[in-house]
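All chains are named by letter (A, B, ...) in the order of the sequence lines, taking the proteins before the strands, and each is independently numbered beginning at 1.
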Number of protein chains: 2
Amino acid sequence: MGRPKQFDPDAVVGKAMDVFWRKGYAATTPQDLVDELGIGKGSLYHAFGSKHALFERALERYRDTQAAALVELLDQPGPVLPLLRSALELLIETDLGESGRRGCLAVNTATELGGRDDASTELVRRMFERTEGAFKAAVERGQRTGEFAPDRDPAAVASLLLAALVGMRVIARAQGGRERLCRVADAALAML
Amino acid sequence: MGRPKQFDPDAVVGKAMDVFWRKGYAATTPQDLVDELGIGKGSLYHAFGSKHALFERALERYRDTQAAALVELLDQPGPVLPLLRSALELLIETDLGESGRRGCLAVNTATELGGRDDASTELVRRMFERTEGAFKAAVERGQRTGEFAPDRDPAAVASLLLAALVGMRVIARAQGGRERLCRVADAALAML
DNA sequence: TTCTTTCTTTACCTGAAGGTACAAAATTTG
DNA sequence: CAAATTTTGTACCTTCAGGTAAAGAAAGAA
């Protein structure tokens, strides 16, 4: 009932995710959103309420697409080491690729809003936790199949892998070259 | 000649560093600076020219104090492993301590301005490079003295240590607990 | 067809970001 | 002392962030 929306809210949230990912939260203005989402300011605020609410939707979308994709990749069956390698390579290529060193939205949000925006901080914290969990499961699997030495604490290794991944994406934003990023990935895999 | 300044510019830059460190670049307003630096807006702009110029001074100060302190710590003589351990522990305590999870100004700047502000990006890139160099030198030293296995590539290990350190500080901003941060540090040291 | 509901457009609003202008104040030089 | 120079405080300015209001448009309900 009532006039139907002239845009697809899901698609708009996806575009908003891209904008926030590229520019950050504070640096994204309502005008940026109007320009890049292709809908009027009225519709924007009518549909989403506020810039912050839209940002939360975008961050949830990031979790459900990007972060989830990484977890799914790690959960695949088969030898674990190639999985880890392709995960890290995927991120390196993403960071160096077309879309231009925007890094990771969760990481960017952690440093921009961490401790100052509870909802966003909590979303990011859980994404980190989930990713770490996937790493831990992968390491445990690798130990069971004899692929990795069984004497390392999987939780500790997983924490290190998460930190290395996060650090890699920050370094990518600071103009870190491919060699440097690959060195991080190689060293991380070599320690297993 | 002329009227003398009523404040110490160096001290003001130090305070500005704290403010930017705590709030980030965009989220720091001229009014915040006036309030927290204790000087008038006229003096502020007269002495430093612009918010951005002051930020660059603050970032250089960060490099010359915080980043330099880490490098100096790593360059100390004696067994390398305890040095690395105390470096990581120092950062963990800093991140969890009084000043409140502000993380690392270089990391925060990388994710906020990386690729969008050339001067800042370059400053951060060089800080990362310098820190990685200090890690590499430490690892090489540890290998020469037989403290570490000699078969690992020091550059690769150093890259991983830098990434882990950076990642740790991001995770700290996302409410990562002490256990998690210590797990990262332990795992990083265990791989040597 | 009119009523109701929801969406869209356009106009508008308030506050503050980021900075400039200028006169007054404090110093050194002649 | 007057002149020249630099700093300071206050007032002011322009733009835009972030959002609201109101009127019209497009649908279904009665």
Side-chain angles (χ1 to χ4, degrees), chain A residues 1-60 105 108-109 112-113 116-120, chain B residues 1-60 105 108-109 112-113 116-120:
Chain A
M1 192 204 231
R3 179 172 176 174
K5 279 196 172 63
Q6 305 230 354
F7 61 91
D8 174 7
D10 280 355
V12 164
V13 169
K15 287 186 193 173
M17 179 187 80
D18 278 330
V19 181
F20 285 125
W21 192 351
R22 191 153 24 82
K23 312 181 76 134
Y25 176 70
T28 297
T29 70
Q31 193 53 49
D32 289 333
L33 291 169
V34 166
D35 292 344
E36 306 213 38
L37 307 188
I39 68 178
K41 206 195 247 189
S43 301
L44 214 189
Y45 278 89
H46 177 67
F48 300 105
S50 71
K51 177 182 158 184
H52 188 270
L54 178 57
F55 179 72
E56 275 186 50
R57 296 276 304 263
L59 198 53
E60 288 164 358
L105 179 57
N108 300 347
T109 302
E112 184 179 2
L113 303 176
R116 324 193 67 214
D117 172 345
D118 288 347
S120 304
Chain B
M1 193 205 226
R3 179 173 176 173
K5 278 195 170 64
Q6 303 225 339
F7 60 90
D8 174 6
D10 281 355
V12 164
V13 169
K15 287 185 193 174
M17 179 188 80
D18 278 329
V19 180
F20 285 126
W21 192 352
R22 190 155 22 84
K23 311 180 74 134
Y25 176 70
T28 298
T29 70
Q31 193 54 48
D32 289 333
L33 292 169
V34 165
D35 292 344
E36 306 213 40
L37 307 189
I39 68 177
K41 206 195 242 188
S43 301
L44 214 189
Y45 278 90
H46 178 67
F48 300 106
S50 71
K51 175 183 160 183
H52 187 269
L54 177 58
F55 179 73
E56 276 185 50
R57 298 276 302 266
L59 199 54
E60 287 164 358
L105 179 57
N108 300 348
T109 302
E112 183 179 2
L113 302 176
R116 323 194 63 200
D117 173 345
D118 288 347
S120 303

Does B/S43 put a side-chain nitrogen or oxygen below 4.0 Å from OP1 or OP2 of D/dT7? no

Donor-acceptor pair under 3.5 Å, B/K41 side chain vs C/dG19 base: yes

Figure out the CG/P separation between A/L44 and C/dT9, and round it to whole Å. 12 Å

Grab the two heavy atoms, one from B/R22 and one from B/E36, that are nearest each other, plus how far apart they are. NH2-OE1, 3.0 Å

Kindly give the heavy-atom pair with the smallest separation between B/S120 and B/F55, and that separation in Å. OG-CE2, 3.6 Å

Pairwise side-chain contact, A/V12 with A/L44, heavy-atom cut-off 4.5 Å (strictly under): no

For atom NE2 of B/H52 and atom P of C/dG19, their distance in whole Å: 10 Å

Taking CG from B/L37 and P from C/dG18, how many angstroms apart are they, rounded to a whole number? 14 Å

Separation of C/dC7 P from A/D8 CG (nearest whole Å): 14 Å

Give the rounded distance in Å between these two atoms: CG of A/L54 and P of D/dG19. 11 Å

With DNA chain C as reference, determine whether B/P30 or B/Q6 sits nearer its 5' end, using the nearest nucleotide of each. B/P30

Nucleotide of D/dT7, D/dG18, C/dG19 approaching B/S50 most closely (side-chain heavy atoms): C/dG19

Taking atom P of D/dT5 as reference, at what distance in whole Å does atom NE2 of B/H46 sit? 14 Å

Distance-only donor-acceptor pairs under 3.5 Å for side chains of residues 14-21 of chain A, two or more places apart:
unit_1: A/D18; atom_1: OD1; unit_2: A/R102; atom_2: NH2; d: 2.7
unit_1: A/W21; atom_1: NE1; unit_2: A/G103; atom_2: O; d: 2.9

Please work out which of the three classes, parallel, tilted or perpendicular, describes the rings of A/H52 and A/Y25, given edges at 30° and 60°. perpendicular

Rounded to the nearest angstrom, tell me the gap between atom CG in A/D32 and atom C1' in D/dG18. 13 Å

Starting at OH of A/Y45 and ending at P of D/dG18, how long is that distance when rounded to a whole Å? 7 Å

Counting distance alone, no hydrogens or angles: does the base of D/dT7 have a donor or acceptor under 3.5 Å from a partner atom on the side chain of B/R3? yes

Looking across every strand, which nucleic acid part, if any, lies under 4.0 Å from A/F7 by heavy atom: base, sugar-phosphate, or nothing? sugar-phosphate

Identify, between B/M1 and B/Q31, the residue whose nearest nucleotide on DNA chain C lies closer to the 5' end. B/Q31

Students often get this wrong, so: under 4.0 angstrom with heavy atoms, is A/G42 touching a base, only sugar-phosphate, or nothing? base

